[in-house]
Asker: 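Provided herewith is a single structure, encoded as structure tokens, for subsequent inquiry.
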Amino acid sequence: MFFNCNSFSKQEKRVLAYIGLFYFLFMFFRILSGNYFLADSHEYLEVAKLINNLSYFENTSEIELTTKRPFVYPFFLSFFVNFPIVLIIGIQTIISFFSVFIFFKILKKLEVKISNLLVVILFLTPSIFIYSQLIMSEWIVLLLINILTLVLLEPFCKRNFIIIQVITVLLAFTKPVFYPFIYINFLFFAYYLFKNKTFSFWLFFPVIILQLYLFHNEQKSGFKHFSSIENYNLINYNLYYFKASKLGKKEADKWHKEVYENKNYVDKSFKEQNIYLKNVGFNEIKNNFFSYSFYHLKTAIRGVFDPGRFDIMTFFDKEDGKQGFLEILNGNKSIQSLFKDKMIIIIILLIPIFFINIFKYFYFFKHIAKHKYSNLILYLFILFVYNFLISGPVNSSRYMMPFQLIVIGFALKEFQKNLLHPSNS
């Protein structure tokens with residue numbers, strides 16, 4: 001299903017070759033920069049080492065680290081922990097190019113004409129190439145979502161349902177942000193199977209795997225959780241940015257310091273610290289429910305259109321956690337910092353990327369609004385909306401990257417339809 005390219009025309013093969021060239025060019029500049037890591041990258045490598053030496057599931061393993069970075073990407077890295085980073089990046093690039101191959105299969109199913117316009121759009125969607133060549137897991141999510149889309153476009157059958165359920169689990173164990181979607185998966189397909197008067201025990205597979213993993217973490221740490229990153233992100237990013245936007249950076253810093261200097265956190269166990277942080281986060285949201293909810297929604301939508309200044313920055317500077325445009329939007333940096341040194345060059349590069357973003361999402365959302373799809377494709381759109389809504393204040397080009405090819409596919413379908421039938425647009 002995935003490997004056969006005999007159905008591609010010469011023009012389509014030429015476009016595929018151009019995209020392959022882009023992967024090579026981006027990798028060339030990545031090697032020149034010598035920067036293959038973000039702040040999260042080193043944690044992935046540490047977990048990979050634990051898997052490599054077969055100590056990942058031992059009770060002696062550090063629970064905060066092993067749950068913070070679920071095992072799918074570290075498992076991949078575990079085969080290469082003793083190899084040069086350039087080799088890992090090369091393998092990731094090849095697999096990522098395979099994602100584009102699957103994308104072409106999706107375009108064929110959607111009856112989208114594959115032309116040089118696609119070359120331009122992909123070149124101006126650099127996050128697809130950038131995150132394929134960093135020690136980060138986004139490229140795996142992109143691959144999984146492309147496979148999922150191809151399966152959802154086919155008639156429903158037992159084999160395809162099994163693939164959907166397995167991918168849903170793999171998404172959660174690649175990026176913790178997807179683990180609550182397992183419950184949405186259960187409700188969605190319970191309704192789908194009931195409506196179609198059929199049943200499959202695979203309906204329960206993702207929920208069972210999730211519950212077993214939650215039980216494992218509770219037995220290991222005393223605290224029932226999926227990932228230790230949940231409370232960390234809630235306090236350090238979501239609520240911190242909310243405080244900064246509402247009260248200013250000084251007050252946000254003061255609040256953040258008080259949280260971690262509280263007697264209920266200092267020198268406490270992993271379980272006690274996480275119960276405390278969870279309560280702090282819950283109380284903050286409860287006490288500011290409407291203002292935080294509006295801020296969360298507003299920033300989630302804002303992140304959809306992020307052109308990716310941070311992504312391009314990875315070619316120039318090592319991440320210190322403070323380069324993102326969110327720091328400026330939330331008042332932690334001045335707008336003047338955009339125009340220092342090489343930053344003006346990046347801003348110029350971002351202008352066409354931003355306009356392509358508007359083009360993509362305008363036609364993508366227009367397509368969703370105008371067309372009625374089967375329940376299976378609706379599942380994909382729900383996953384897309386879930387992804388950016390749950391990301392909230394930290395949503396950005398990086399978090400939207402795994403969905404970019406799918407957005408482009410449906411956007412092009414709508415755009416080409418409008419060209420052929422302008423009176424119906």
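No hydrogens, no waters, no symmetry mates; every other heavy atom, side chains included, goes into these values.
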Asker: Which residues satisfy the side-chain hydrogen bond (donor to acceptor under 3.5 Å, both in side chains) test with Ser269, sequence neighbours excluded?
Answerer: Glu272
Asker: In this structure, are over 12 heavy atoms from other groups packed under 6.0 Å from Phe315 atom CZ?
Answerer: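 Result for CZ/Phe315: enclosed.
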Asker: Let me see the working for Ser137 and Tyr44 under side-chain hydrogen bond (donor to acceptor under 3.5 Å, both in side chains), right down to the final yes or no.
Answerer: CA-CA 9 Å; Ser137 62; Tyr44 284 121; 3.0 Å; yes
Asker: Do other residues, nucleotides or ligands put more than 12 heavy atoms under 6.0 Å from the OH atom of Tyr260?
Answerer: yes
Asker: On the 0 to 90° scale, with breaks at 30° and 60°, tag the Phe242-Tyr295 ring pair as parallel, tilted or perpendicular.
Answerer: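 Rings of Phe242 and Tyr295: tilted, 30 to 60°.
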Asker: Should the heavy atoms of other residues, nucleotides or ligands under 6.0 Å from NZ of Lys271 be counted, would the total exceed 12?
Answerer: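 At most 12 heavy atoms, drawn from other residues, nucleotides or ligands, come within 6.0 Å of this atom.
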Asker: Should the ring pair Tyr192 and Phe188 be called parallel, tilted or perpendicular, given that the plane angle runs from 0 to 90° and is split at 30 and 60?
Answerer: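 Because their plane-to-plane angle is under 30°, the rings of Tyr192 and Phe188 count as parallel.
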Asker: On the six-membered ring of Phe8, is Lys105 placed so that its NZ or CZ lies under 6.0 angstrom from the centre and within 45° of the ring axis?
Answerer: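 Checked: cation-pi criterion met.
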Asker: Just checking Phe199: does its CZ atom have more than 12 heavy atoms from other residues, nucleotides or ligands closer to it than 6.0 angstrom?
Answerer: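 Yes, CZ of Phe199 has more than 12 neighbouring heavy atoms, counting only those of other groups under 6.0 Å.
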Asker: So does Phe354 have more than 12 non-hydrogen atoms from other groups sitting under 6.0 Å from CZ?
Answerer: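 Not buried by this count: 12 neighbours or fewer within 6.0 Å.
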Asker: A quick test of your reading: do over 12 heavy atoms of other residues, nucleotides or ligands sit less than 6.0 Å from CG of Asp267?
Answerer: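 It does not: Asp267 CG has 12 such atoms or fewer within range.
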Asker: Any salt bridge between Lys49 and Glu46, counting N to O under 4.0 Å?
Answerer: yes
Asker: Give the ring-plane orientation class for Phe359 versus Phe415, where under 30° counts as parallel, over 60° as perpendicular and anything between as tilted.
Answerer: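 Ring orientation of Phe359 relative to Phe415: perpendicular.
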